[in-house]
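Below is one structure, written out as structure tokens; comments come after it.
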Number of protein chains: 2
Amino acid sequence: MADSGTQGGETLLFLTDEQLRKGIEAMFFAYRGFTADPDRILEKYAYGRAHHRAIHFINRQPGLTVTTLLSVLGVTKQSLNRVLRTLIEDGLVESRVGRKDKRERHLFLTEKGEALERELSGAQRERMRAAYRAAGPQAVAGFRQVLEAMMDFEMRRHYQMMKDGT
Amino acid sequence: MADSGTQGGETLLFLTDEQLRKGIEAMFFAYRGFTADPDRILEKYAYGRAHHRAIHFINRQPGLTVTTLLSVLGVTKQSLNRVLRTLIEDGLVESRVGRKDKRERHLFLTEKGEALERELSGAQRERMRAAYRAAGPQAVAGFRQVLEAMMDFEMRRHYQMMKDGT
DNA sequence: TTGGAAAGTCAACATCGCTGACATAAAGTC
DNA sequence: GACTTTATGTCAGCGATGTTGACTTTCCAA
């Protein structure tokens, strides 16, 4: 079934159902590894993945507003707020009223927040680095191409934005 | 691109923190896309991702035991059991007592289960196919290489096993 | 025959999504 | 100035899915 699409006469063996299923499983297993190290660290502080994600993107784009973070993370404000409140209470995140628009809150990591960010991203980067090194630069380029093509439009927008600095 | 890395003391530009962070974000955003379509379908049936994963691997390896599925999914038996029970009650999964070892339960999809599996994997494969096609065969090879290198040992074992048929 | 593996179940709990409703402050508009 | 919209925060409740711990039944194997 669907064993080898052809396009312009050529065989596209990499598009078989079997190949696609392997890709699906690779995503599943790899994502587990991807989150495993931070998860272990977060346990120590009684935080979860949601905290990690918030910390990551605040570090990535210091001063971003709550609304922006909301749309990057793709969750509801109630869900984010629960996480953000504990991070602010614990002194990892600072929320500053906007100068131009005083309704906005701009989010920043405190030193303590940056320290945790470094610990988390350090672990995650180490695994990434090992994987990158094992696979080589060409594989890495392909890896990023496929992932990018897999994103929803909205997410790709955020990804592109982040790609070129702030 | 991919003109960056060299081995043996020279600079490995694809291993910079910036490159690694882009990879991390690509994983995050892409995984969201990866699960988006099945999630929408599952809503209709009041199932969740956990049900999807169980269905996927039972379909992948019909007759696998509960213990095997447990270790593939990497969750506790209590967690899996809750999911498995509803799938069996709803007539999507059949649990047969082992012939050799009667303690074991071998899991199979019913026709109804296979129908849902097809609906779910169809959607997921479509996205995968589009991404693969957009990126091309070489990128796909790299994609798989990096993902594989990112897995934990235990998960890679399962992945490899699945790779070569049952 | 006894120890341990496989499976199932009950209870309790935490994280983190969600919806709905509502409040406040500030900005923008007519 | 009155009205509307936007940004944020908060309360309450719910659902899916993960966890630990304790216990039972079944049954293979030494």
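Chain letters run A, B, ... following the sequence lines, proteins first, then strands; residues in each count from 1. Not measured: the values here are computed from a predicted model.
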_According to salt bridge (charged side-chain N to carboxylate O under 4.0 Å, His left out), does anything in residues 34-53 of chain A pair up with another residue at least two apart or in another chain? List the pairs._
A/D37-A/R40, A/D37-A/R127, A/D39-A/R49, A/K44-A/E119
*Could you note down all residue pairs passing salt bridge (charged side-chain N to carboxylate O under 4.0 Å, His left out) where residues 85-98 of chain A supplies at least one of them, sequence neighbours left out?*
A/E94-A/R96
*Not counting sequence neighbours, list each pair that qualifies as a side-chain hydrogen bond (donor to acceptor under 3.5 Å, both in side chains) and has a residue in residues 73-84 of chain B.*
none
*DNA chain D: 5'-proximal contact among A/E104 and B/G74 (nearest heavy atom)*: A/E104
_Interface with DNA chain C, restricted to residues 76-98 of chain A and to heavy atoms under 4.0 Å_ = A/T76, A/Q78, A/S79, A/R82
*By ring-ring contact (aromatic ring centres under 6.0 Å, His included), which residues pair with B/F28, not counting sequence neighbours?*
A/F57
_B/Y31: partners by ring-ring contact (aromatic ring centres under 6.0 Å, His included), with sequence neighbours left out_ = A/Y31, B/F34
Protein and nucleotides 28-30 of chain D: nitrogen or oxygen contacts under 3.5 angstrom:
unit_1 : atom_1 : unit_2 : atom_2 : d
D/dC28 : OP1    : B/K102 : N      : 3.2

*Find out whether B/L87 and B/T110 are in side-chain contact, i.e. whether some heavy atom of one side chain is under 4.5 Å from a heavy atom of the other.*
no
_Quick test of your reading: applying ring pair (Phe, Tyr, Trp, His ring centres under 6.0 Å), list the pairs with at least one residue in residues 90-110 of chain B, sequence neighbours left out, ordered by first then second residue._
none
*asked:* Determine whether a donor-acceptor pair (N or O, by modelled atom type, separation under 3.5 Å) exists between the side chain of A/R118 and the backbone of A/G113.
replied: no
_I need the residues from residues 45-55 of chain B with at least one non-hydrogen atom less than 4.0 Å from DNA chain D; give them sorted by number, or say none._
B/G48, B/R49, B/A50, B/H51, B/R53
_If the condition is ring-ring contact (aromatic ring centres under 6.0 Å, His included), which residues does B/H51 pass it with, not counting sequence neighbours?_
B/Y47
*Rounded to whole angstrom units, what separation is found between the CG atom of A/L73 and the P atom of C/dT15?*
18 Å
*What pairs with B/V140 under side chain to side chain contact (heavy atoms under 4.5 Å, CB included), at least two apart in sequence or on another chain?*
A/F14, A/V146, B/Y132
_Interatomic distance where CG belongs to A/D39 and C1' belongs to C/dT15 [whole Å]_ = 11 Å
*Which whole-number value in Å describes the distance from B/R105 CZ to C/dG8 C1'?*
8 Å
*Using the test side chain to side chain contact (heavy atoms under 4.5 Å, CB included), find all partners of B/R156 that sit at least two apart in sequence or belong to another chain.*
B/E148, B/M151, B/Q160
*Send over the distance from A/E43 CD to C/dT15 C1', rounded to a whole Å.*
12 Å
